[in-house]
Amino acid sequence: SAVISQKPSRDICQRGTSLTIQCQVDSQVTMMFWYRQQPGQSLTLIATANQGSEATYESGFVIDKFPISRPNLTFSTLTVSNMSPEDSSIYLCSVGSGIGELFFGEGSRLTVL
Amino acid sequence: QKEVEQDPGPLSVPEGAIVSLNCTYSNSAFQYFMWYRQYSRKGPELLMYTYSSGNKEDGRFTAQVDKSSKYISLFIRDSQPSDSATYLCAMSGNTGNQFYFGTGTSLTVIP
């Protein structure tokens, strides 16, 4: 399994501002995923981040709103831009083992006022 | 129809009870099946991982996969208050890169 560290663990932000979430993995991984978890709902995949290429976004998520960086095989960032209260959620970084397993970080709990 | 269906509960049981958590799915291409435990204010923790059909046991936890019925289960024996959490099922196809999640079942084990 991989050890995944996320920062910040929680934050309270004002409407219209942006927040960058960092994800650090203790080993080199090819694919990193960013999920959103809202109360009572399934985990929703925002995008897949591969090192050296543009992130692949899921339907309903766009790069202007959720820009992602993946500068190397152990690190990624997700920015939530121009935030609104609807962006209040838990954002999760995850990595796959390549054989069907998926491991998660502790999550970043975001509240937008 | 959702790819994965999971009863959200909540489920409340006395300490020592056997707990059964279930998910159904619609995609016959799913090959990898996982159960996650998520404590409040924490990220999901991979609890059990199964490839294809069959049973897998780890201590008090048993995962079962019935591909013919598209049905998976997680059994918790001798449940403890520390098992109180939300349990998420998840599955993926052969590529192992696209994952589908249930909404989670909230479990409370009462001392």
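On a predicted model such as this, the values are computed, not experimentally measured, just so you know. Here is the naming used below: chain letters follow the sequence lines, and residue numbers restart at 1 for every chain.
- Enclosure of atom CD in A/Q38 by more than 12 non-hydrogen atoms of other residues, nucleotides or ligands within 6.0 angstrom is indicated.
- Note on A/V95: it does not cluster hydrophobically with A/W34, by side-chain heavy-atom contacts below 4.5 Å among ILVMFWY residues.
- Looking at A/Q41, the atoms closer than 4.5 Å to chain B (heavy atoms on both sides) all sit in the backbone: N, CA, C or O.
- Looking at B/P44, both its backbone and its side chain come within 4.5 Å of chain A, counting heavy atoms on both sides.
- Note that CZ of A/F104 and NZ of B/K42 are 16.0 Å apart. Values are rounded to the nearest 0.5 Å.
- Of the atoms belonging to A/Q37, it is side-chain heavy atoms, and not backbone ones, that fall under 4.5 Å from chain B.
- When A/L45, A/T44, A/L43 are each tested for a side-chain contact (heavy atoms from CB on, under 4.5 Å) with B/F101, only one passes: A/L43.
- Here A/S42 is the residue among A/C93, A/G105, A/G107, A/S42 with the most heavy-atom pairs under 4.5 Å with chain B.
- Residues B/L11 and B/V4 share a single hydrophobic cluster, defined by chaining ILVMFWY side chains whose heavy atoms lie under 4.5 Å apart.
- When heavy atoms are compared at a cutoff of 4.5 Å, A/L92 approaches chain B solely by way of its side chain, counted from C-beta outward.
- By the 6.0 Å contact criterion, CD1 on A/I12 is open, its count of non-hydrogen atoms from other residues, nucleotides or ligands being 12 or less.
- Heavy atoms of B/Y36 lying under 4.5 Å from chain A belong exclusively to its side chain.
- Residue contact with chain A, scored on non-hydrogen atoms closer than 4.5 Å, is absent for B/E45.
- Interatomic distance, CD of B/Q38 versus CD1 of A/I90, reported as 6.0 Å (0.5 Å rounding).
- The only member of B/Y49, B/Y51, B/F99 that meets side-chain contact (heavy atoms from CB on, under 4.5 Å) when paired with A/E101 is B/Y49.
- Here B/G102 is the residue among B/G102, B/S106, B/P8 with the most heavy-atom pairs under 4.5 Å with chain A.
- Two residues are said to be in side-chain contact when any heavy atoms from C-beta on lie closer than 4.5 Å; A/R10 and B/R41 meet this criterion.
- Placement of A/I68 and A/L110 within a single hydrophobic cluster is found when ILVMFWY residues are connected by side-chain heavy-atom separations under 4.5 Å, directly or transitively.
- Cluster membership for A/F75 and A/V25, using ILVMFWY side-chain heavy atoms within less than 4.5 angstrom, is not shared.
- Rounded to the nearest 0.5 Å, atoms CG (B/L46) and OG (A/S97) are 8.5 Å apart.
- Taken together through direct or relayed side-chain contacts under 4.5 Å among Ile, Leu, Val, Met, Phe, Trp and Tyr, A/M31 and B/Y32 form part of one hydrophobic cluster.
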